[in-house]
Amino acid sequence: MLNDLQKEIIELKEEKNAIILAHNYQKKKVQEIADFIGDSLELCQKASQIEDKDIVVFCGVDFMAETAHILNPNKKILIPNAEADCPMANMLSADQIREAKKQYPDAAVALYVNSTADAKAESDILVTSGNAKKVINTIDEDTVLFGPDTNLAKYTEQFTDKKIIPIPGDGHCFVHKMFTIEDIEKAREKYPDAQIIVHPECNKEVQDAADYVLSTGGMMKHVKENDGVFVLGTEVDMISRLELEVPDKEYYPLREDAVCGTMKLHTLKLIKECLENEEPEIKLSDELAEKCRKSVERMLEASK
Ligand code: 13P
Ligand code: SF4
């Protein structure tokens, strides 16, 4: 049952002809009022198809809202809390990419969507954790500079003959770095029949010890198609999404403290205020958005 504030947001959203997009890591109360919930790839795909709405309220971290802006330069893209950023995205600067390009002039630059717009402007193509395996093999060059996530770079390397060079070399997600082999061993003892699924941002040894390595969208698909008990090695609110859409199965977090704080900055109060005031708005210069657009569109094409 929706509470009063949630109902007010839904009314306001209809009045303003707005759509609410939310990432899988949003709090349950936010997911409940969203029109569309998904992983980074699904949110990019959805953002490329918004034709009939005037306003997009993006409940995710800023690089995701920026992608929606890049694909919809004439629409108002709002982010309820402008402080919501991804610490990993800030680990790779445009200057670091330019330096790496000087060192490897024949390499292509494939960036994780979890990157800043300035970094994306230096890239040839983007990837998400849901499409990296597929997209990497559409690149012509034999050497690929890949950043900022080193774990995703190493994971992707298993599915291609290309030489992948992680940049900056130590980029990581502090949430997914928390998971250890001991967490997996404990989960196997506690839930002997469970399937353990982890995200490709986890360390290699954790990926190797798990049963499946999947993006958050991949996790959703997997639990829809399989029965059983599931232990999830990703941000805790992924379970809110699974419980909302596939409620008849059992889910446990691999760690209860795997929380991405900036994802949680979007409160119902801020969502309502942002719809009322039509701010904060995500804006990039036309020139920067144009430079990023080619890499986003190339990824969307490659992941078809
Ligand atoms: P997904 O694309 O799998 O949702 O991952 C995004 C992310 O930020 C993971 O930490
Ligand atoms: Fe960034 Fe990690 Fe949060 Fe995902 S979970 S938004 S990668 S800090």
Side-chain angles (χ1 to χ4, degrees), residues 21-27 30-31 34 36-47 58-68 79 81-92 110-117 119-120 126-135 146-153 155-156 166 168 170-179 197-203 206-207 210 212-223 232-242 245 253-266 296 299-300 303:
L21 306 187
H23 185 265
N24 290 324
Y25 297 163
Q26 288 301 298
K27 289 182 268 198
V30 173
Q31 295 196 19
F36 182 85
I37 313 166
D39 71 2
S40 312
L41 174 62
E42 293 157 344
L43 290 167
C44 275
Q45 286 164 332
K46 184 73 188 171
F58 206 109
C59 302
V61 282
D62 59 4
F63 74 80
M64 299 177 177
E66 281 170 4
T67 309
I79 182 159
N81 189 325
E83 309 272 292
D85 64 356
C86 166
M88 180 188 3
N90 298 327
M91 289 177 188
L92 178 65
L111 287 194
Y112 194 19
V113 279
N114 298 41
S115 50
T116 64
K120 284 187 176 81
L126 301 181
V127 304
T128 70
S129 55
N131 67 16
K133 278 197 243 182
K134 190 168 181 187
V135 168
F146 189 116
D149 190 31
T150 307
N151 284 339
L152 181 65
Y155 168 78
T156 308
D170 56 359
H172 63 274
C173 163
F174 75 97
V175 180
H176 290 89
K177 274 269 179 193
M178 283 186 200
F179 298 111
I197 317 177
V198 303
H199 196 275
E201 287 174 11
C202 295
N203 286 338
V206 171
Q207 294 183 24
Y212 300 95
V213 182
L214 296 168
S215 71
T216 63
M219 292 178 188
M220 181 76 209
K221 190 167 177 283
H222 183 87
V223 307
L232 286 312
T234 191
E235 215 274 348
V236 288
D237 266 308
M238 182 64 214
I239 293 186
S240 302
R241 170 88 199 278
L242 300 174
E245 281 183 46
L254 187 54
R255 285 182 74 106
E256 300 209 356
D257 58 351
V259 176
C260 175
T262 53
M263 278 277 183
K264 312 300 173 196
L265 292 175
H266 305 307
V296 182
M299 169 189 77
L300 288 174
S303 52

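As the structure lists them, so they are numbered: ligands from 1, and atoms in each ligand from 1. As a basis for the values below, the full set of heavy atoms in this structure was taken, side chains included, without hydrogen atoms, waters or symmetry mates. Note that the structure is predicted; figures quoted are calculated from it, not measured.
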Handout entry: Enumerated ligand 2 atoms positioned under 4.0 Å from heavy atoms of Pro87
Key =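 Per the distance check, 8 (S).
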Practice task
Any atoms of ligand 2 less than 4.0 Å from a non-hydrogen atom of Met88? List them with their elements.
Solution key: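 Those of ligand 2 that fall under 4.0 Å from Met88 are 7 (S).
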Does [X] have a heavy atom less than 4.0 Å from any atom of ligand 1?
{"X": "Met88", "value": "no"}
{"X": "His23", "value": "yes"}
{"X": "Gly130", "value": "no"}

Exercise for the section: From the options Tyr25, Phe174, Tyr112, select the one whose nearest heavy atom is closest to atom 4 (Fe) of ligand 2. Expected result: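 Looking at heavy atoms only, the winner is Tyr25.
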Any atoms of ligand 1 less than 4.0 Å from a non-hydrogen atom of [X]? List them with their elements.
{"X": "Thr216", "value": "1 (P), 3 (O), 4 (O)"}
{"X": "Ser129", "value": "1 (P), 2 (O), 3 (O), 5 (O)"}
{"X": "Ser40", "value": "1 (P), 2 (O), 4 (O), 5 (O), 6 (C)"}
{"X": "Ser215", "value": "3 (O)"}
{"X": "His199", "value": "1 (P), 3 (O), 5 (O), 9 (C)"}

Exercise for the section: Scan Asp237, Thr234, Thr262, Thr216 and name whichever one has a side-chain hydrogen bond (donor to acceptor under 3.5 Å, both in side chains) with Tyr25. Expected result: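 For Tyr25, the side-chain hydrogen bond (donor to acceptor under 3.5 Å, both in side chains) test succeeds with only one of Asp237, Thr234, Thr262, Thr216, which is Thr234.
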Handout entry: Short side-chain to backbone donor-acceptor contact, Gln31 and Ala22, under 3.5 Å
Key =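 No, the answer is negative, given that no donor and acceptor are paired below the 3.5 Å cut-off.
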Exercise for the section: Output yes when a side-chain donor or acceptor of Lys120 lies under 3.5 Å from a complementary backbone atom of Ser115, and no otherwise. Expected result: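 Yes.
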Practice task
Report the C-alpha distance between Asn24 and Ile37 in whole Å, list the side-chain angles of each, state the deciding distance to 0.1 Å, and finish with yes or no for side chain to side chain contact (heavy atoms under 4.5 Å, CB included).
Solution key: CA-CA 6 Å; Asn24 290 324; Ile37 313 166; 3.5 Å; yes
Handout entry: Proximity of Glu201 to ligand 2 by residue part, where a heavy atom lies under 4.0 Å
Key =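 Glu201 to ligand 2: side-chain contact only, backbone stays beyond 4.0 Å.
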Exercise for the section: Please state which part of Asn114 comes within less than 4.0 Å of ligand 2, counting heavy atoms only: side chain, backbone, both or neither. Expected result: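 Under 4.0 Å from ligand 2, Asn114 contributes side-chain atoms alone.
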Handout entry: Location of contacts on His176 toward ligand 1, heavy atoms closer than 4.0 Å
Key =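 The part of His176 near ligand 1 is the side chain, not the backbone.
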Exercise for the section: Have a look at ligand 1 and work out which part of Thr128, if any, has a heavy atom under 4.0 Å from it: side chain, backbone, both or neither. Expected result: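 For Thr128, no heavy atom sits under 4.0 Å from ligand 1.
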Give me the residue, atom name and distance of the protein heavy atom closest to [atom].
{"atom": "atom 2 (Fe) of ligand 2", "value": "Cys173 SG, 2.3 Å"}
{"atom": "atom 9 (C) of ligand 1", "value": "Glu201 OE2, 3.1 Å"}
{"atom": "atom 8 (O) of ligand 1", "value": "Asn114 ND2, 3.1 Å"}

Problem - Min side-chain heavy-atom separation Leu232-Leu242 under 4.5 Å - result: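 Leu232 vs Leu242: side chains touch.
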Heavy-atom closest pair, residues [X] and [Y]:
{"X": "Met263", "Y": "Gln26", "result": "O-NE2, 2.8 Å"}
{"X": "Gly233", "Y": "Cys202", "result": "O-SG, 3.8 Å"}
{"X": "Ala84", "Y": "Gly60", "result": "CB-O, 3.9 Å"}
{"X": "Phe146", "Y": "Thr156", "result": "CZ-OG1, 3.9 Å"}
{"X": "Leu43", "Y": "Met64", "result": "CD1-SD, 4.3 Å"}

Handout entry: Distance-only side-chain donor-acceptor flag, Asn90 / Asp85, under 3.5 Å
Key =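 Result is yes, a qualifying pair exists.
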Practice task
Tell me whether Cys260 has at least one N, O or S atom under 2.8 Å from atom 3 (Fe) of ligand 2.
Solution key: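 An N, O or S atom of Cys260 is closer than 2.8 Å to atom 3 (Fe) of ligand 2, so yes.
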Handout entry: Ion pair Lys264/Glu235, N-O distance below 4.0 Å
Key =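 Salt bridge present between Lys264 and Glu235.
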Handout entry: atom 1 (Fe) of ligand 2 reached by Cys86 (N, O or S, under 2.8 Å)
Key =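 Yes.
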